[in-house]
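Everything on this sheet refers to the single structure shown next.
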Amino acid sequence: MTEVPPSGDELLDDGDELRRAIEAIVLVSDEPVPSELLAQLLEVSVPRIDEICGQLALDYEASGRGFQLARVAGGYRYQSHPDQEQWIERYVLEGRSAKLSAAGLETLAIVAYKQPISRAQVSAIRGVNVDGVMRTLQNRGYLIEVGRDPGPGQAVLYGTSQRFLEELGVDSLDDLPPLASFMPDSETVDTLERGLRTSIDADLDAEAGDGPTS
Amino acid sequence: MTEVPPSGDELLDDGDELRRAIEAIVLVSDEPVPSELLAQLLEVSVPRIDEICGQLALDYEASGRGFQLARVAGGYRYQSHPDQEQWIERYVLEGRSAKLSAAGLETLAIVAYKQPISRAQVSAIRGVNVDGVMRTLQNRGYLIEVGRDPGPGQAVLYGTSQRFLEELGVDSLDDLPPLASFMPDSETVDTLERGLRTSIDADLDAEAGDGPTS
Amino acid sequence: MPVDVSTEVFEGPLDLLLQLILQEEVDLYEVSLASIVDAYLATIDRLIESEDGLDLEVATEFLLIAATLVELKTRRLLPDPEGDELDESIWLWEERDLLLARLIECKTFKNVAERVESLLTAAGRSVPRRAGLDERFLAITPDLLGGVGPDDLARAFARAVRPKPVPEVSLHHVTPITASVSEALGRLARTLPYLGAATFRELTADTDDRIEVVVRFLAVLELYKEGLVELDQASTFGELTVSWLGGGHSEVDVDLVLAGADRYDG
């Protein structure tokens with residue numbers, strides 16, 4: 001426990017006052033509170049806020065609290081400790097969203113990496129109509145309209161929302177690994193290539209000598 | 001996983017496990033959690049719950065947390081510590097416009113679309129007691145009493161106010177968006193149905209020996 | 001030889017092709033264009049014959065890919081001895097590469113989707129506090145609905161009426177699944193002898209409740225296991241027909257079936 005003894009004979013220092021104010025503000029917020037906002041309200045620097053919050057999160061963990069102070073979507077929030085999942089599940093939770101379908105996840109994945117992107121572009125990548133899935137994702141607050149294509153047609157362009165980051169539990173999109181790291185491995189690419197290979201390819205290779213390789 | 005504190009040299013006892021579960025449940029709840037409900041969920045007696053919560057409240061106070069575990073309306077909830085009020089006010093006034101909690105907004109939405117409606121009916125839809133939330137919405141002038149149920153009990157019926165329409169920026173209730181496009185989609189149902197079909201197929205294949213192959 | 005198509009839960013033509021190729025390698029340790037094309041065409045056939053049919057937009061995409069595949073397969077079977085259609089071959093080759101590029105892109109995002117899912121799952125183990133301000137502080141703010149629009153209200157409503165997870169605590173007392181399966185069994189065993197046969201869709205026509213549909217499906221499987229019904233499905237996406245085999249209606253049948261249902265008791 002990191003507490004000052006009840007009968008403590010020293011005043012809370014400045015850091016402690018800041019910590020208490022942060023605890024109070026984050027507790028009453030219903031969304032992650034940005035470091036910048038905390039810094040502005042408490043009139044200290046952003047690094048100081050991050051330092052105190054980092055220490056606070058460690059304190060909670062060390063004293064075995066049933067909750068955590070988490071950094072998500074650019075801010076701080078309280079959340080239940082993952083190891084208390086079983087108890088939380090017993091407690092009826094409103095709005096605990098149903099799992100996304102495979103189609104929903106893939107569509108979300110495409111928008112996350114290709115944003116801003118139009119519905120037609122997502123559809124072209126997936127090879128199916130995605131209108132319904134996109135609408136679902138928008139209703140669930142994962143996708144938002146972020147603008148319009150300047151070209152003809154002025155298609156609506158979509159991006160992922162703050163809410164998406166919150167549900168994903170990451171601080172920002174930059175925390176996602178680069179797209180290249182998700183490319184199928186060379187073995188899979190070979191398999192796909194062989195699946196489409198015709199015997200005439202060999203002839204062509206021989207003939208063209210330096211044709212484009214796949 | 002329930003973990004032992006990093007440098008702790010004694011295991012968490014049963015009381016500590018209960019404490020952690022209570023912390024997690026009360027933290028994620030948007031209404032005070034009744035002792036009886038906690039007792040039922042955690043399968044211990046009500047006095048045991050009250051004992052642990054009482055001790056927990058003292059702990060928070062002793063360790064100078066910026067929040068409290070308070071007993072309100074027969075249940076427990078977290079709230080900011082009274083001596084942090086100045087910071088909360090600053091946060092509310094300067095930080096951003098304060099918003100209704102998710103619970104408040106949902107309650108308001110139910111009344112808006114289902115009015116006239118009684119408190120008990122709203123409560124039945126949300127699955128939790130809504131007395132506190134309804135009172136707050138009424139105090140804020142968003143909800144008004146519009147009549148009484150003619151049936152036995154003569155429950156008060158609520159509706160939304162003119163002020164609510166003004167703040168929402170619509171002219172009349174008819175201007176509220178139709179619900180159809182926002183309702184939970186059939187995606188989950190579809191997935192389930194496909195899953196069923198697949199398992200039926202598998203069964204039939206196994207039975208027939210020569211299922212639908214190409 | 002047939003690629004295993006009973007596992008197909010695919011999303012559109014590209015996804016189907018991806019699965020067929022990767023699945024075939026798993027099954028045969030090698031891929032063969034011919035069998036992939038056959039499986040692909042067979043699937044399109046079944047989709048067209050299925051009761052829902054294919055909508056035009058989806059069908060077009062299926063057929064475009066099918067056309068490319070058939071062309072590729074034909075070339076393989078009938079290599080041009082003259083070699084004088086080089087231009088056309090190059091065109092085909094480009095089509096092939098385009099298809100390959102699309103498959104790779106599709107697979108890439110499937111991999112991303114897996115990561116997104118695991119992140120969502122991990123994050124889902126924690127639940128954020130969303131209680132917001134308590135009433136003391138609501139009083140000091142003038143614009144509580146600031147930033148809330150009509151659509152937010154409609155979404156909040158949808159959220160509020162979304163079916164909530166059943167609190168697990170109640171399961172200790174009522175074991176609802178067991179009760180419901182028995183109930184569904186009893187009803188099926190009483191009605192099916194009169195109906196003779198019915199589709200699963202008809203048997204669930206009176207309910208939208210997913211749990212109820214699952215429960216009835218379990219009941220049908222139970223009857224099937226007991227040899228009291230026959231299940232028949234004309235095509236993969238077709239209707240499931242449940243036919244009663246158990247003879248005339250009698251209380252004995254019902255009791256027998258209900259006895260079988262006890263096995264669901266956990």
**Part of E31(B) lying under 4.5 Å from any heavy atom of chain C** = neither

**Message:** Using side-chain heavy atoms (C-beta onward) and a distance below 4.5 Å, is D15(C) in contact with K110(C)?
**Reply:** yes

**Message:** Which one wins on heavy-atom pair count under 4.5 Å against chain B: L41(C), D45(C), D151(C)?
**Reply:** D151(C)

**Item:** pair E117(C)-L120(C): side-chain heavy atoms closer than 4.5 Å
**Value:** no

**Request:** Below 4.5 Å from any heavy atom of chain C, which atoms of V111(B) appear? Answer side chain, backbone, both or neither.
**Result:** neither

**Fill in**
Greatest number of non-hydrogen atom pairs under 4.5 angstrom with chain C, of L176(B), V72(B), V170(B), L168(B), falls to L168(B)

**Asked** Ignoring hydrogens and geometry, is there a side-chain-to-backbone donor-acceptor pair from D152(C) to G149(C) under 3.5 Å?
**Response** yes

**Asked** Side chains of D30(B) and S101(B): is there a donor and an acceptor less than 3.5 Å apart?
**Response** no

**Message:** If we ignore hydrogens and angles and just use 3.5 Å, is the side chain of S63(B) paired with the main-chain N or O of D59(B) as donor and acceptor?
**Reply:** yes

**Asked** Can the positive tip of R71(B) be found less than 6.0 Å from the middle of the six-membered ring of Y76(B), inside 45° of the ring normal?
**Response** yes

**Request:** Check whether S80(B) gets within reach of chain C through its side chain, its backbone, both or neither, counting any heavy atom under 4.5 Å.
**Result:** both

**Request:** Examine whether an atom of R135(B) lies under 4.5 Å from a heavy atom of chain C, and if so say whether it belongs to the side chain, the backbone or both; otherwise answer neither.
**Result:** neither

**Message:** Quick check on the interface: out of P150(C), P128(C), G132(C), who has the most heavy-atom pairs with chain B under 4.5 Å?
**Reply:** P150(C)

